[in-house]
Amino acid sequence: METEASAEQEASSATAGWWARARRVLPGGVSSPVRSHQAVGGTPVVIERGEGPYVVDVDGRRWLDLVQSYGAVLLGHAHPAVTAALAEAAAKGTTFGATTPGEVQLAEAICARVPGVEQVRLVSSGTEATMSALRLARAVTGRDRVVKFDGCYHGHADALLAGGGSGVATLGLPGSAGVPRAAVAETLVVPYNQVPDLDEQVACVIVEPVAANMGLVPPEPGFLAGLREACDRVGALLVFDEVISGFRLGPGGATASAGVRPDLWCFGKVIGGGLPIGAFAGSRELMGSVAPSGPVYQAGTLSGNPLATAAGLAVLRAVQPADYEALSRRVAALAGELTEVFAAAGVAAQVPVVGPLLSVFFTEQPVRDGAGARAASARRYRRFFHEMARRGVLLPPSPFETWFPGMAHDDAVLGQVLEAVQAAAAVVAEEPTSD
Ligand SMILES: Cc1ncc(COP(=O)(O)O)c(C=O)c1O
Ligand SMILES: N[C@H](C=O)CCC(=O)O
C-alpha cells in the first residue's frame with residue numbers, strides 16, 4: 001500500500017496544472033472551502049474519476065477514499081445501479097418544472113423508511129432544507145428564536161451561521177462576514193450533549209442527532225430524549241438535521257436508532273445518490289403549512305430534479321437493512337483496531353464510532369462537544385492526514401469532518417486503512433501536540 005503519491009509532496013504535473021488553473025478562476029481553487037486543504041496544507045488531489053471505494057486523480061494515481069463526497073456517496077463511486085438509473089433518467093430529459101413519478105417515489109421511499117415522516121418537500125441542497133425547516137418552525141409556532149449546538153453545521157443559511165462546525169470550524173471563524181447581526185440575533189448557540197433550558201420564545205431546537213461536523217461526536221444517552229422533553233415543555237419544535245445521518249446509519253437514520261421522534265427532519269446527501277438534493281419533512285399537519293397548501297413560501301426551479309431523484313431512489317432500493325448492519329460491524333471492528341494501534345504507538349487518540357461513521361481526535365479525553373473537538377491536537381491531525389496520504393489513503397482534510405466508509409469498503413479495503421494507520425501512528429507519535 002506504500003506509495004510515493006502524496007498530497008503533501010510537490011504535486012506532479014497534471015495535478016499542479018489543474019490546481020493552478022483552479023486557483024485563478026475559483027476562490028481558493030475550490031467550490032466549497034474545506035476542499036482547499038487550508039487546515040492541513042499541501043496541494044489537494046484533483047480527481048478524474050471514482051471507482052467504488054477509490055478515486056483516481058488527474059495523474060492516474062489511485063487513492064482509497066474515505067471522504068466519499070462528505071457522505072453523499074453510500075454505495076461507492078460510479079456504482080452501476082446509480083449510473084444506469086442516471087442514464088435512463090437523462091435520456092428522458094433532465095428537468096421539466098412539473099411533477100414526475102421519480103419525485104413521488106422518492107418521497108414515498110423516505111416516508112416508508114423514517115418513522116413519523118408523512119410528507120416531504122424536495123429541495124436542491126441540505127442548506128435549503130435547514131433554512132426552509134426553520135422558516136416553517138417559526139411560522140407554525142409564531143416565534144423567532146432558534147437554538148442550535150456549538151460545532152453542529154446545518155449549511156450556510158444566514159440564521160445558522162453561528163457556532164458552526166465543518167468549514168466554519170476548520171477556518172476558525174465565529175460565523176461569516178456578510179451575515180447581518182439581525183439574522184443571527186435570534187440564534188442561540190449552546191453546547192452539544194447538554195439539554196438547554198428553553199423558554200416560550202423558542203420556535204425550534206435544531207440538532208444533528210449524531211454530530212458529524214466537528215469530527216464525530218455521538219449523542220450521550222438521554223440527550224436526544226431530553227431535547228424532546230424540553231421542546232414539548234415549552235411548545236417548541238424539535239428539528240433533526242439528518243443530512244448526514246439519514247439513510248447512512250440505517251434506513252430510518254438517527255430517528256430510528258435513537259428512538260426519539262423530532263417534529264421536522266432535514267435530509268440531503270444519500271437521498272440524491274451523489275447529485276444535488278435536500279429535503280425537509282414532517283407530519284402531514286405540519287407540512288400542510290408549506291406553500292401552496294399553506295402560507296410558508298418555499299420553491300425551487302430544480303426541486304425534485306429527475307436525475308437526483310432517480311439516483312437517490314437507486315441507492316435506497318439497492319441497500320437492505322442487513323447491508324447497514326454488516327457495514328456498521330466492519331466499521332466498529334476497524335475503530336476498535338485503530339484504538340489499539342494508537343495506544344500501542346503511545347498516541348493519545350479517541351476513535352468515536354456510530355454505525356458506519358467514525359473519526360479520529362488526537363486527545364486523551366473523549367470528545368463530547370465543540371470545545372472538546374477544538375481542544376484536540378490539530379497539529380497531529382495534520383501530520384496524520386499527510387502520513388495517510390503518503391500511503392494512498394484520503395482522509396477528510398480537516399479534523400472537523402467525519403470519515404465515510406460505505407458499502408464498497410469491504411474487509412479488504414478497511415484492512416488497507418488499518419495497515420496505513422499502523423504505519424502512520426508511529427510517525428504521529430513523534431509529532432508535538434501543539435504548534
Ligand atoms: C448536517 C448537515 N446539514 C446541512 C448541511 C448542508 O448541506 P449542503 O452542503 O448540501 O447544503 C450539511 C453539509 O454540508 C450537513 O452536514
Ligand atoms: N461537512 C460538510 C458537509 O457535511 C462538508 C461539505 C463541504 O463543505 O464541502
Side-chain angles (χ1 to χ4, degrees), residues 26-40 44-45 47 65-74 122-134 146 148-171 173 176 192 205-219 239-249 253-255 262 264-281 300 302-303 305 308 311-312 354 357 359 370 373 394-404:
L26 304 170
V30 292
S31 298
S32 194
V34 181
R35 304 174 195 175
S36 68
H37 275 205
Q38 220 151 310
V40 293
V45 290
I47 294 172
D65 177 32
L66 285 167
V67 180
Q68 298 286 310
S69 194
Y70 295 92
V73 175
L74 178 63
L122 293 170
V123 295
S124 295
S125 69
T127 295
E128 280 182 70
T130 58
M131 179 185 77
S132 308
L134 236 59
V146 168
K148 83 172 282 289
F149 294 89
D150 178 32
C152 283
Y153 178 69
H154 305 291
H156 62 92
D158 282 359
L160 291 167
L161 275 177
S166 189
V168 187
T170 301
L171 301 179
L173 302 174
S176 169
Y192 197 73
V205 173
I206 184 166
V207 66
E208 285 182 75
V210 174
N213 280 294
M214 46 176 145
L216 183 69
V217 178
V239 183
F240 274 6
D241 180 349
E242 295 227 45
V243 166
I244 283 183
S245 54
F247 310 96
R248 180 160 285 273
L249 299 186
T255 305
L264 292 173
W265 288 257
C266 300
F267 300 112
K269 303 209 190 234
V270 171
I271 59 163
L275 275 83
I277 206 164
F280 63 102
L302 295 179
S303 295
N305 177 263
V354 180
L357 297 170
S359 75
L394 279 187
L395 299 178
S398 163
F400 303 113
E401 302 290 345
T402 287
W403 304 8
F404 292 100

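Order of listing sets the numbers, starting from 1, for every ligand and every atom in it.
- Listed by number with element, the atoms of ligand 2 under 4.0 angstrom from any heavy atom of N213 are 1 (N), 2 (C), 3 (C), 4 (O).
- Within the 4.5 Å cutoff, no side-chain heavy atoms of V210 are placed close to those of I244.
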*Carefully, step by step, assess Y70 and T402 under the rule side-chain contact (heavy atoms from CB on, under 4.5 Å).*
CA-CA 8 Å; Y70 295 92; T402 287; over 6 Å; no

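- For atom 9 (O) of ligand 2, the closest non-hydrogen atom on the protein side is S32 OG, 2.8 Å.
- Between the OG1 atom in T127 and the CG atom in D158 there is a gap of 11.0 Å [rounded to 0.5 Å].
- Atom 6 (C) of ligand 2 has as its closest protein heavy atom Y70 CG, 3.9 Å.
- Counting only heavy atoms from C-beta outward, the side chains of P396 and W403 approach each other to under 4.5 Å.
- Within the model, atoms OG of S245 and CD of E208 stand 7.5 Å from one another, a figure rounded to the nearest 0.5 Å.
- The shortest side-chain heavy-atom distance between L357 and F404 falls under the 4.5 Å cut-off.
- Looking only at atom types and distance, the side chain of E242 has a donor-acceptor partner in the side chain of T255 under 3.5 Å away.
- S166 OG, 3.1 Å is the protein heavy atom nearest to atom 2 (C) of ligand 2.
- For ligand 1, the 4.0 Å heavy-atom shell contains residues S125, G126, T127, Y153, H154, G155, E208, N213, D241, V243, I244, K269.
- Closest approach of P33 to V30, counting heavy atoms only: CA-CG2, 4.1 Å.
- Close contacts between ligand 2 and I244 involve ligand atoms 4 (O) [criterion: under 4.0 Å to a heavy atom].
- Between F267 and F247, the two ring planes are tilted [angle within 30° to 60°].
- The proximity of V243 to ligand 2, defined as any non-hydrogen pair under 4.0 Å, does not occur for either the backbone or the side chain.
- In terms of protein heavy-atom proximity, atom 4 (O) of ligand 2 is closest to K269 NZ, 2.7 Å.
- Close approach to E401 involves these atoms of ligand 2, each under 4.0 Å from a residue heavy atom: 1 (N), 2 (C), 5 (C).
- The closest side-chain heavy-atom distance from N213 to E401 is below 4.5 Å.
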